[in-house]
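These notes concern the structure reproduced below.
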Amino acid sequence: MALKLVGNFPVQPDRVWCAAPHPHLPLVATASTDRAVRIYSLRDFSLVSTIEGGHKRSVRSISWKPNAKGESVLATGSFDSSTGIWHREERGTHGDGEQSLELNSEEREEDEEWRFAVVLDGHDSEVKSVAWSAGGSFLATCSRDKTVWIWEDMGNENYETIAVLQDHSQDVKMVAWHPEEELLASSSYDDTIRLYKEDTDDWVCCAVLTGHTSTVWSISFENNGHQSRLVSASDDQTARVWHRKPKPEKKEEEEEEEEEPSMQPPSIIKGTADETENWEEQACLPKVHTRTIYSVDWSKKTGLIATAGGDGRIVLYKEVGTENGLPDADSGASKEWKVIAQVPAAHGVYEINSVTWCPKWDKLGTTIDGELLLSTGDDGIVNIFEFSL
Amino acid sequence: MDPAQLYLVAIDRDPDEAAQIARATAKRLENKELILLSLTKSLGEYLTNDDRTIRAKAIGFYATVLTALPPTLLSPAQGTSEILHPLEDEAGLKEVCHGLLAIAGMSRFQPEDAQMMARSIFKSCDLLKHPQGSRYLVYQVMDKIMSEQREALKRMGPDFATGYVELITNEKDPRNLMIIFSNLKVIIVEFDIEDCEEQVFDACFCYFPITFKQPPNDPYGITAQDLKDRLRECLQASSKFSVFLFPQLLEKLDSHSANTKKDVLQTITACALAYEKSIIANYWATLWDAIKYEVLNASDDDLAFEALDAIRAIAKTLSAKLTSVMKTSSLDKYLKAVTKECLTQLRNPMAKQARPSASILAAVAVASPVSHATTIQAVLPGLSTTYDGLEEIAKQRSMLQAILPLFDATAQVYGVWGDIEYPPSLNNSLEAFKDNLFEIYSRALMGSAKDEVSFRLAGLDGLTKMSRIKNFFADNEIGMVVQFFDEVVLTDEKDEMRDSALESLLVLSRLKPSLIMEITFPAFMAKLPDREEHEKSYDMTLSALAQLSVERPVFQVLLTRIFNKLNIVLNNKSGPGYPFALLSSILYVLRRKHETGKDISTHYTRIVPELITRTITPLCDGSGGNALSHEAVLEVTGNIVSLIIRSMDVEKQTEVVGELFKIFVTQTESAIITSDKELVNKQFRPLDESASLQQASTIIIFASAVAAIRREVTLPLENLQQFVEKLVLLSKTPKSPSHRRALLRLIAVIINKYFTTPEDRAFLTQSTGEMWKSVQLADSPETASSLPALFWIAKALALRNDKLADPIVGRLLEILDNQALGVTVGRGFEVLLGDDPLLSKENFAVVRLLSQQKLFVFCVPKLVEGFRAASPAAKKNYLHALSSIIRNVPSKLVLAEIDTLLPLLLQSLDIEDSDIKTASIDTLSVTVTEATSLVSEHISSLITRLLAASLPNEVNTVQVRTAALRCLSIFPSALKIDVVIPYKRQIMRALLKPLDDPKRSVRKEAVDCRARWFALGEPKEDD
Amino acid sequence: MSDIINANPTILNPSDLPTRHSESRKKQSSSAHIADKISRLPNSKSLLYDPFLPSPGEDSAYSSGSGSDQDDYEDETAAEDIDEQEIYDLISTISDPEHPLSLGELAVINLPHIYVTHAPATPQNPHPMSHVLVEITPTINHCSLATVIGLGVRVRLEQALPPRFRIDVRIREGTHQSTDQVNKQLNDKERVAAACENETLMGVLSNMLATCK
């Protein structure tokens, strides 16, 4: 049961903020302080292309557009308070006809044309996070100006702002979409997490999750349909799992009741009238980190949770059944979280800015089972780990 | 044609010829061939001609003739009328003035003529219409008549003054103003301007303040300050002006131009000193109220200084004819106002106004003895009660510092110890507060916590300043102060305290030398331990003693005491450290005395015989010698002897060198040995093959002494060549490195100064040839024993640009690629090109100009060539040689050859030798600033190597790492931005490692270097 | 409770500020320097240096009883770790954004309020981290400037300290109304990074850091 370092991408000159694996290609894009987005191949960990000149300041966050047809679309959020949308065609490829960008090296040079298609301006200060919705039709961005914007992709490169959410009272650190539903979560410097839904064609905040005692740096959804839970990581050095509670009076039609409804403590104060979501803290992951946790990622495949932060440590957690089978009092679930692996100085003495689960590819460019974990650090290195039982 | 016509024709063509004609006419007038009347008649029609230029030329002719006449010939009456009436006529003003000047210069120039001339000028001259040159002449005429016939003009009463004032209205030209101001001053002082005072005042004051800027190539060289001074003299000339002057001046005081304010304050000071006491008595109140702000909330120190000057001037004038404090006097009222204001400000010593208030008090205190007495009596009681009321150290410190200027003021009024002027009769009113002040300042120095440095420094300053005041502290009180300072010097661990205390002791040692001798010296000597203790307690005391002894004849006392202590220490069998320090302090004092031009040869008899005897006798009596024969101590003894001998004359030197040769060479009895003469004579054989290490090492003293001998002194030996041969032989089997070096230095000194004859040169060529053969056969540094001798002989010859040196140096360069010897030879070049302290111009060695440069230029190309051709292993030796050379040669020489040397320098960074690396990096640092373009070409390889050199390993010593980081930190400022910017990110990351260097000094360099690169601004993205 | 707000800043005299002992000995004029010259025994690197020595390094002949610490030839091995005094020396010379005085002289930075801790190196974690906490005492007129001063201290330390250091800069409890709010901002790594890319703010900071010696 260990997390083994299997390699790393070539060193970048400056701090790397985050890394994002391509939805269906063996590629990873990274965002760096030196204002460049670099794309590496997961087959041989080599640098495929570098996107420069798009932003005047550090690139803080990147997100691939899921199920983009015939092309790759990348959103980049930067400290220059703008979000860039980049396009690159995926041409028909050799033999197996499967849409693959992967061309052998000679052809790689000429397919360098990442096109800087659109600049989404609107935020008054640094953009901290960008995220495409599961279906790829919405793009959420958040910034230090305390706002979360939702853009709709109207096709042929024009985007429309369909919501400007000003519920947070401080700098918004991250946005993340529910894996299936059109439910958006945001975490902020004001120590809270907020959820938003479209209610009669108008996006609105439908839940406020309080509990953390300091900035909530990162959030990640579980991949479990309607029951998907949310994990959050904070400057209070804790990571917490939140789950959706069924509304007592209003029955959700398609929702079957797994656990018997038990008396829930009064959920979030009914501040907003049309409160349709009721989320509660289900568990607090075992406390291992000694400094701020900057990043958490809930594996869509294995359900493992990975965290990393200022103490240079990467920790893996797994949800296991309690030996004595006793239902856990408040969450009703009979499970608890265990730390199953740790890497103390994953980037030497440097802080770690992000961890992301990523599919595994073999040399020929076909996916194989197993999953990799990418970590990016202040040392300009992107490490690749593999968890083996 | 009559002369007038001739003149008129000639004047345009050739002015000299015209002048010639006029002089001839004057001549004819003189010897009566021509009478004035006919001259004026012939000029008549020209004078009335309607063409202005003709009229002007005619007057010009007439005036030139008049000036050419002897002053006694004509009476002015005859000539003036013709000249005067054209005055109204604009034409020819200049010529008219020349005429008038001629007339005014005549001996029979009468008072009436002067008055008439003045009146007509006033009446008819409207100067505004005329150019500045003509106006200048008119002023010169006025100046002339004022100096010739002043009394007559005075009799004209106010008309003259008013006339003159109208004449000069709004004159702007600086040259003209200079004359006007001096004339105005005369008018104000001597003329009766009773009922036109204001008009004359306004004529002067309208020019105030002078804002004239001297034009760059100003022919007349008149500066704004000249004008300001002249104008000021007018304004201060009559105290009757005060009623107009002071109000207007104060009004101009709140102008925000510092220049104007300064001028106003300087004028107030001048007038305050010039006007009578009674005048100032009515104005001091208004003046004080305005001026005090310029000090209390002064933004600019110069203005505050001028304001203080004005305040002092007022006090000085008001003190006139006062011999004691008089309650009713205007001075007392003035001082009451001043001291009241300052006392209120000083209530909170930390406030911004505290220090300026103290300087005001000092300004009035220094004005006169009476003013001093009044101020002290008014202020001291208040200040000491406030002081007692203060608890916080910071406040107490500020109060102590605020009082300090009063001590300086008292010292100025009542004199300093040793002043011969007679002190004022009024006794020093500070006396009443002496005990209290002594106690407060002593407690501050000695009674407060050790780390309250600034508070204790205030205490120390106060005691020092009070001790300087003549007849203030009694001798015993100053004695106590000296004891306080001794204790601080000897025991305090704060450097700043020790330095200030020693500084004060030096001040007091000049004023009260006896106290220092009786108190400080015994205290310091007592502190010197009798034997070498582990931690160095003696170095601070010796350093203080040495600094105190330079000033005074106390040096004799120091010598006796140090020699006694040396005896005790030697008997206690101590190591070389303590004796070395004792002798070094003597050397330090001798050097300081020598530097300040004192003749130290007089100390020979007291020092040299005793030191040499004490060093040598123990080596002969079988006691095994003592610390004095340790190489380091021998070196200091040698330097002492050499320094003393160097300042002796030829005759004295001949005598001394004779004695030295008796001891060290011919083993005959010498006067220098003061005890156990026969024992020494029998046992002392330093130049024998079989001599002990200690006896042999004493050659260090002999070599240092001989090095200081003048060339004119002949050495007491018949055959110098034989002696040198013996020394060379000895140098092959030295007892120790320093023994060998003493021998080689002796050889080099003798060759450089005394080997001049052809036989000598032949001897040299022959013996160096033999040496060279033995070196070629040698297979290791030990066997090539004559190598060092070759280097020193080459140096002796090269210093005097002797061609004999070239073949030797050439061969030395060749064997650089010799596997075994190369390394030692490489290092030898340091001897060849480095400066030797004994073989130097000061020691009368023959050192030709540019000898070092010639040698450098001779070696470099051969070195570079040899390096290229050398085998990889041998390349290291060339770099050794190069680094030895560049370490000892001025950088401008190296820079001249930099293009050829740079590649070598870069490669020497890869050599695993810290000396080479440090030398190369230091040279590169100079190159970066001097040869920027060349360095820019090699910048990337330079940066990678410097970054590598900044990481700790056994070769990259602290010195190498610091040098590398320091060199890197020069790049951002020395090179062009676009050359360095691409490397910024790489360097910022690479410097992260040296930030974690184990040594603090290296980390410091890394931090500074990184800050410099960080400040380079963002690297430009090409977006 | 210490004086709630550092009302009027007592201006400390530079000579009273804490310095490292050995540095002060280096000043040229001080008698300590002369003492060094007088009493320091020359070793092979100076007076008696003979280039022809086979390896002119060891100076056994001159080791006398008194093992004085040779300033110029720092003994290579003794590692000097980064301590509170070094941190103080790095930041006390930062100049106040308003008046021409340093944070040391204004007692905004004080040696007792600097805490340095080093984690021990262990086999499985050979690169231990170190931690430095600096507590700032802003003066009264600093209420708006506390953040800029804190940022100045943090940027200076981030530039001058090796990456193993975790830096926390805090306004001393109770010396400032919005202490927590400022502290949170000062220790938000991302906001500090963003601030460093803002030209106007960096202009102010570089003036403050220009006076660092």
Side-chain angles (χ1 to χ4, degrees), chain B residues 350 394 397 451-454 457 489 493 495-496 498-499 502 532 534-536 538-540 542-544 546-547 574-577 580-581 584-585 588 631-632 635 736-738 740-741 781-782 787-788 824 827-828 830-831 884 957-958 992-993 995-996 998-1001 1003 1007 1010-1011 1014-1015, chain C residues 8 10-16 20-21 24-25 27 29-42 47-54 56 61-62 64-68 72-74 76-82 86 89-90 156 159-164 197 199 206 209-210 212-213:
Chain B
M350 295 290 290
R397 181 197 69 217
D451 51 19
E452 282 298 345
V453 173
S454 49
L457 281 176
V489 169
E493 4 64 76
D495 275 349
E496 222 177 328
R498 279 203 312 279
D499 291 350
L502 192 61
E532 176 117 37
H534 55 81
E535 47 82 29
K536 289 244 278 307
Y538 49 75
D539 61 355
M540 285 310 300
L542 276 177
S543 139
Q547 290 174 66
S574 88
F580 174 88
S584 299
S585 43
Y588 172 84
E631 287 156 347
E635 199 72 32
S736 75
S738 48
R740 172 173 53 198
R741 187 160 63 159
E782 287 67 30
L787 249 183
T824 323
R827 289 208 198 90
E830 189 169 329
V831 167
S884 311
T957 59
V958 171
L992 287 176
K993 285 207 196 62
L995 285 184
D996 218 355
K999 299 305 282 182
R1000 192 157 292 134
S1001 56
R1003 287 200 293 268
V1007 167
R1010 202 156 188 272
F1014 179 79
Chain C
N8 50 15
T10 44
I11 312 229
L12 300 183
N13 188 303
S15 51
D16 293 342
R20 195 176 295 282
H21 179 60
S24 53
R25 277 187 81 99
K27 283 208 292 304
S29 65
S30 80
S31 51
H33 186 73
I34 297 172
D36 278 355
K37 249 191 336 192
I38 285 182
S39 60
R40 181 168 343 106
L41 260 181
L47 201 62
L48 297 169
Y49 178 70
D50 178 351
F52 297 105
L53 267 177
Y62 314 110
S64 67
S66 65
S68 70
D72 301 350
Y73 311 103
E74 251 157 274
E76 296 295 327
T77 49
E80 301 144 345
D81 212 338
I82 295 179
E86 187 160 347
D89 293 342
L90 282 175
R156 169 69 172 168
Q159 266 178 29
L161 290 177
R164 63 183 162 94
E197 296 190 34
E199 287 80 23
S206 42
L209 300 187
C212 289
K213 321 198 230 352

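In what follows, every chain begins at residue 1, and chains take the letters A, B, ... in the order their sequences are listed.
Within the 4.5 angstrom heavy-atom criterion, only side-chain atoms of C:Leu90, from C-beta onward, approach chain B. Contact of B:Asp451 with chain C is made through the backbone alone, with heavy-atom distances under 4.5 Å.
Checking B:Asp996, B:Leu992, B:Leu995 one by one against C:Arg164, the side-chain contact (heavy atoms from CB on, under 4.5 Å) holds for a single residue, B:Asp996.
Every residue meeting the side chain to side chain donor-acceptor pair (under 3.5 Å) condition with B:Arg1003, not counting sequence neighbours, appears here in chain and number order: C:Glu86. Residues meeting the side chain to side chain donor-acceptor pair (under 3.5 Å) test with B:Arg1010, sequence neighbours left out: none.
In this structure, B:Arg1000 contributes its side chain and C:Asp81 its backbone to a donor-acceptor pair below 3.5 Å.
Smallest separation of non-hydrogen atoms from C:Arg156 and B:Ala1011: NH1-CB, 4.3 Å.
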